[in-house]
Amino acid sequence: MAPPTVLVTGGAGYIGSHTVLEMLNAGYNVVCVDNLCNAYSSGTAKLPEALNRVQEITGKKVHFYRVDITDREQVRSVFQEHKIDMVAHFAALKAVGESCRIPLQYYHNNMTGTNVLLEAMADNNVFKFVYSSSATVYGEPQFLPVTEEHPVGNCTSPYGKTKYFTEEILKDLCKSDKRWAVVSLRYFNPVGAHPSGRIGEDPNGEPNNLMPYIAQVAVGRRDCLQVYGSDFPTKDGTGVRDYIHIVDLAEGHVKALDKLRNIAETGFFAYNLGTGVGYSVLEMVHAFQKASGRNINYKLVDRRSGDVATCYADASLAEKALGWKATRGVDEMCVDTWRWQSNNPNGYAIK
Ligand SMILES: NC(=O)c1ccc[n+]([C@@H]2O[C@H](COP(=O)([O-])OP(=O)(O)OC[C@H]3O[C@@H](n4cnc5c(N)ncnc54)[C@H](O)[C@@H]3O)[C@@H](O)[C@H]2O)c1
Ligand SMILES: CC(=O)N[C@H]1[C@@H](OP(=O)(O)OP(=O)(O)OC[C@H]2O[C@@H](n3ccc(=O)[nH]c3=O)[C@H](O)[C@@H]2O)O[C@H](CO)[C@H](O)[C@@H]1O
């Protein structure tokens with residue numbers, strides 16, 4: 001029996017590329033689409049650089065198409081070219097602050113794009129779907145650790161609402177047609193890089209997220225980290241989050257695909273992908289200084305709007321239902337991030 005083929009949208013991105021690597025290692029065939037709006041590709045290359053390196057590391061081939069998932073014809077052509085068995089959907093815009101400034105672009109890209117993808121799946125009798133959701137659907141946690149039973153929808157940004165609205169669409173879809181089997185993975189705070197140091201997080205422009213910003217200060221690309229808020233009700237006044245190693249996260253996706261591949265069960269399932277441990281911003285700064293041997297210059301400034309004080313996961317359901325548990329700690333997250341950033345000071349672009 002030929003191994004299943006997974007269509008990965010956004011496969012040239014940070015989480016997509018790391019997950020493609022683990023899917024290939026697990027024996028899946030992979031077809032990637034990406035419009036490269038947030039992924040580096042040199043003009044002449046056939047593959048985006050991240051996927052080129054994934055091929056190098058695994059010795060396996062990745063099929064790639066430069067496709068915008070909001071374009072119906074482009075998406076359909078991929079289903080005509082390949083027999084797709086399942087879809088892992090990463091493609092989205094994801095900058096919380098930017099989404100407040102240009103909400104319509106976020107709703108079009110993330111919602112219309114997903115709807116076009118789902119319609120093409122149904123038209124081609126593909127009903128197994130893994131969705132990139134986020135802890136942001138929980139809004140300000142009403143209790144901790146956050147379980148999948150925590151209320152959703154009280155999102156603090158248009159970005160977060162695109163995640164929540166899409167989950168609601170997926171629930172309605174599963175109710176309307178019993179052929180759909182959907183696993184929505186609610187990521188907490190993915191950080192780190194593949195231990196090879198060849199792939200990692202390479203955001204366009206100024207990083208929105210903490211870890212890439214710290215790494216760019218350490219490597220000398222940025223002067224000073226701004227710590228958003230030092231008056232939160234937390235151990236040291238700075239925000240607390242559940243950071244999860246990107247390879248743990250990628251392995252969680254393979255477990256989700258294995259579940260969809262092997263079970264007749266259909267319907268909508270949501271699982272938290274986190275470690276269950278919260279670290280403050282200053283704890284992350286100190287951990288990175290230890291891992292890199294570099295001093296991280298930082299300044300305590302006002303809170304960033306939309307930030308919650310503390311958020312960390314109860315990930316026991318994923319362990320029970322997927323047989324998955326995060327195993328990598330914060331030191332490994334920092335050591336692997338530093339190996340990537342110090343070997344690639346300018347990310348994938350060779351400047
Ligand atoms: N990084 C995080 O902290 C985090 C946390 C929770 C959820 N997520 C979700 O995980 C997914 C991947 O996030 P990431 O951190 O890898 O981001 P990323 O920007 O590195 O990857 C997203 C990829 O999707 C592509 N893309 C965007 N819009 C597209 C479109 N219309 N058509 C085709 N390709 C398109 C981009 O070019 C990029 O390569 C996103 O859905 C994001 O919302 C990320
Ligand atoms: C709990 C939660 O909803 N997490 C989501 C949220 O991540 P977060 O907003 O939690 O991630 P982040 O890396 O932007 O911030 C993490 C922590 O670092 C702080 N910080 C960040 C950057 C900086 O330059 N200085 C600084 O102090 C920030 O205030 C927070 O306390 O959005 C992400 C997309 O962007 C993902 O969807 C995450 O799942």
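As the structure lists them, so they are numbered: ligands from 1, and atoms in each ligand from 1.
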Subject >> Intermediate values then yes/no, side-chain contact (heavy atoms from CB on, under 4.5 Å), Val33 and Asp68 >> reply: CA-CA 8 Å; Val33 296; Asp68 187 318; over 6 Å; no
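Annotation: salt bridge (charged side-chain N to carboxylate O under 4.0 Å, His left out) contacts involving residues 107-133, sequence neighbours excluded, comprise Arg72-Glu119, Arg76-Asp123.
Within the 4.0 Å heavy-atom criterion, neither part of Glu201 lies near ligand 1.
Residues Phe232 and Arg303 are in side-chain contact: their nearest non-hydrogen atoms beyond the backbone lie under 4.5 Å apart.
In terms of polar-atom proximity, defined here as any N/O pair under 3.5 Å, Ile15 does make such a contact with ligand 1. An N or O contact shorter than 3.5 Å links Asp34 to ligand 1 by distance.
Evaluation of the side chain to side chain donor-acceptor pair (under 3.5 Å) rule for Tyr187 yields Ser132, His253 as partners, not counting sequence neighbours. Under the side chain to side chain contact (heavy atoms under 4.5 Å, CB included) criterion, Lys61 pairs with Gln55, His63, not counting sequence neighbours.
Taking the centre of each ring, His286 and Tyr279 stay at or above the 6.0 Å mark.
The immediate protein surroundings of ligand 2, defined as residues with any heavy atom under 4.0 Å of it, consist of Lys94, Val96, Ser134, Ala135, Thr136, Tyr159, Tyr187, Phe188, Asn189, Asn208, Asn209, Leu210, Leu225, Gln226, Val227, Tyr228, Gly239, Arg241, Tyr243, Val281, Arg304, Asp307, Cys311.
At a cut-off of 3.5 Å, with distance as the only test, a side-chain donor of Thr162 or Asn110 sits close to an acceptor on the other residue.
For Ile69, the heavy-atom gap to ligand 1 drops under 4.0 angstrom.
For the atom pair Tyr213 OH and Met211 CE, the distance stands at 15.5 Å (nearest 0.5 Å).
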